[in-house]
Amino acid sequence: MPMTRSGTASTAPPATPHSALADTVMERLTSAYAAAADPVRAAEAAAYMKDVAPFLGIRTPERRVLSRTVLQGTARPGETDCAAVALRCWQLPEREYHYFAVDYLRRHTGRCSSGFLPVVRRLVTTVSWWDTVDALAAHVVGGLVAADPALVPVMDEWIEDDDLWVARSALLHQLRYKQATDAERLFRHCLRQAPHPDFFIRKAIGWSLREYAKTDPDAVRDFVDGARDRLAPLSVREALKNL
């Protein structure tokens, strides 16, 4: 799955590869999830998520039990299997299938190479909302970048992207890095998007800083003090919430 510096395989979206493992997983998954659907809960969930997608109405604890049953006895996936499962889940309208894909990728990110990033970008930019984007950013994008420093410059490109969810992913990809955080890059990314008018970008700036403050509170305090006139009040409040 060749990747350009912009993190995309080509101008066309990544094709869904063939995978016998994905065939098995998807057959089991659609059967198990459909049988557990609850129309009343589905309507409530869709309303809560601003109707970004239809829902089956399966609560998270129950969904995860079903997912374990679906995956019982299946082989460990390779990168092609991960791509096939994720992209096929995203082709289904109900949001619970997208959640399954996110959980699957979180579990198996370490089995994927840097060439998997175009697939993740496809997920980030399709049926985009915080419920999938944030987990993909922190656990999948972050894992891929941590494993391959050659992807770091791609995050510098993502922070410039016109798609706010791609930029949000760049802001959040170091969320779990702790002492391994590249603070200079984090602060630079925050300043790059500081003028952005959207709530989700301003919130992500504050969240990324607040998380890093657990590791280096003085650095975050100093950064916010020096950039207070450039950061949105929301970003400042979120960054300093626990300081």
Side-chain angles (χ1 to χ4, degrees), residues 1-3 7-9 13-33 36 53 56 58 60-92 94-152 154-155 158 165-166 168-170 172-178 180 211:
M1 201 175 296
M3 183 184 65
T8 56
T16 304
H18 172 71
S19 162
L21 175 58
D23 290 343
T24 298
V25 169
M26 297 306 298
E27 182 179 359
R28 293 182 180 183
L29 178 65
T30 52
S31 176
Y33 275 24
L56 292 168
I58 309 172
T60 298
E62 180 184 0
R63 178 177 60 78
R64 288 184 170 153
V65 170
L66 290 172
S67 297
R68 287 195 292 271
T69 301
V70 166
L71 294 174
Q72 187 172 9
T74 59
R76 290 183 179 181
E79 183 171 323
T80 297
D81 302 314
C82 288
V85 169
L87 292 171
R88 287 176 64 175
C89 281
W90 239 260
Q91 290 166 5
L92 298 173
E94 291 85 8
R95 198 59 160 174
E96 286 88 348
Y97 294 117
H98 307 171
Y99 294 158
F100 175 89
V102 172
D103 288 345
Y104 195 74
L105 294 185
R106 286 180 61 171
R107 181 178 179 182
H108 297 296
T109 299
R111 306 182 68 80
C112 298
S113 72
S114 58
F116 193 71
L117 191 61
V119 173
V120 187
R121 183 188 172 100
R122 174 67 171 171
L123 306 181
V124 165
T125 56
T126 307
V127 199
S128 307
W129 200 241
W130 63 265
D131 55 337
T132 54
V133 170
D134 292 359
L136 289 170
H139 297 278
V140 185
V141 177
L144 293 172
V145 175
D148 185 358
L151 292 181
V152 171
V154 179
M155 295 298 100
W158 280 29
W165 298 106
V166 175
R168 182 174 168 100
S169 296
L172 298 179
H173 84 277
Q174 296 193 83
L175 206 63
R176 301 173 64 243
Y177 282 17
K178 299 181 180 179
E211 193 65 24

Original post:
Does the T69 side chain pair with the main chain of V65, one donor and one acceptor, at a distance under 3.5 Å?
Top reply: yes
Subject >> Approximate separation, where rounding is to 0.5 Å, of D23 CG and H18 NE2 >> reply: 5.5 Å
Original post:
What residues form a ring pair (Phe, Tyr, Trp, His ring centres under 6.0 Å) with H108, not counting sequence neighbours?
Top reply: Y104
Original post:
For R28, what residues pass the salt bridge (charged side-chain N to carboxylate O under 4.0 Å, His left out) criterion, not counting sequence neighbours?
Top reply: none
Subject >> Pairing residues for A53 by the side-chain contact (heavy atoms from CB on, under 4.5 Å) criterion, not counting sequence neighbours >> reply: R95, V127
Subject >> Pairs where residues 66-75 contributes a residue and the test salt bridge (Lys or Arg N to Asp or Glu O under 4.0 Å) is met, not counting sequence neighbours >> reply: none
Subject >> Chi angles and distances behind the side-chain contact (heavy atoms from CB on, under 4.5 Å) call for V85, F100 >> reply: CA-CA 9 Å; V85 169; F100 175 89; 4.0 Å; yes
Subject >> Where A137 and V141 come nearest, the two heavy atoms and their spacing >> reply: O-CB, 3.5 Å
Original post:
Who are the side chain to side chain donor-acceptor pair (under 3.5 Å) partners of E211, not counting sequence neighbours?
Top reply: K214
**OP:** Applying side-chain contact (heavy atoms from CB on, under 4.5 Å), run through M155 and S169 and close with a yes or a no.
**Re:** CA-CA 9 Å; M155 295 298 100; S169 296; over 6 Å; no
**OP:** Find the distance between CH2 (W130) and CH2 (W165) and round it off to the nearest 0.5 Å.
**Re:** 9.5 Å
Original post:
Taking all atoms of both residues into account, what is the closest heavy-atom pair of A86 and L123, and its distance?
Top reply: CB-CD1, 3.9 Å
Subject >> Qualifying salt bridge (Lys or Arg N to Asp or Glu O under 4.0 Å) pairs, either residue in residues 96-107, two or more places apart >> reply: R63-D103, R64-D103
**OP:** Quick one: pull up CZ in R122 and CG in L87 and give me the separation to the nearest 0.5 Å.
**Re:** 8.0 Å
**OP:** Would you list the pairs meeting ring-ring contact (aromatic ring centres under 6.0 Å, His included) in which at least one residue belongs to residues 67-87, sequence neighbours left out?
**Re:** none
Subject >> Considering all heavy atoms, the nearest A75-L21 contact >> reply: O-CD2, 3.7 Å
Original post:
Does D148 have any salt bridge (charged side-chain N to carboxylate O under 4.0 Å, His left out) partners at least two apart in sequence or in another chain, and if so, which?
Top reply: none
Subject >> Least distance between heavy atoms, V124 atom then V166 atom >> reply: CG1-N, 4.1 Å
Original post:
Looking only at heavy atoms, what is the nearest atom pair of A22 and S19, with distance?
Top reply: N-OG, 2.9 Å
Subject >> E27: side chain to side chain donor-acceptor pair (under 3.5 Å) partners, not counting sequence neighbours >> reply: none
**OP:** Report yes or no: does Y99 contribute a side-chain atom to a donor-acceptor pair with the main-chain N or O of T60 at less than 3.5 Å?
**Re:** no
Subject >> From CG (L136) to CG (L172), nearest 0.5 Å >> reply: 11.0 Å
Subject >> Any residue meeting salt bridge (charged side-chain N to carboxylate O under 4.0 Å, His left out) with D134, in chain and number order, not counting sequence neighbours >> reply: R168
**OP:** Mind checking the CG-OH spacing from L92 to Y33? Nearest 0.5 Å is all I need.
**Re:** 11.5 Å
Subject >> Any residue meeting side chain to side chain donor-acceptor pair (under 3.5 Å) with R111, in chain and number order, not counting sequence neighbours >> reply: none
Original post:
Can you find a heavy atom in the side chain of F116 that is under 4.5 Å from one in the side chain of T109?
Top reply: no
Original post:
Who are the side chain to side chain donor-acceptor pair (under 3.5 Å) partners of Y97, not counting sequence neighbours?
Top reply: none
**OP:** List the steps and the verdict of side-chain contact (heavy atoms from CB on, under 4.5 Å) for L29 and C89.
**Re:** CA-CA 9 Å; L29 178 65; C89 281; 3.8 Å; yes
Subject >> Considering all heavy atoms, the nearest T30-M26 contact >> reply: OG1-O, 2.8 Å
Original post:
Could you go step by step and tell me if H173 and V152 meet the side-chain contact (heavy atoms from CB on, under 4.5 Å) rule?
Top reply: CA-CA 10 Å; H173 84 277; V152 171; over 6 Å; no
**OP:** Measure the spacing between CZ of R121 and OG1 of T126 and express it to the nearest 0.5 Å.
**Re:** 10.5 Å
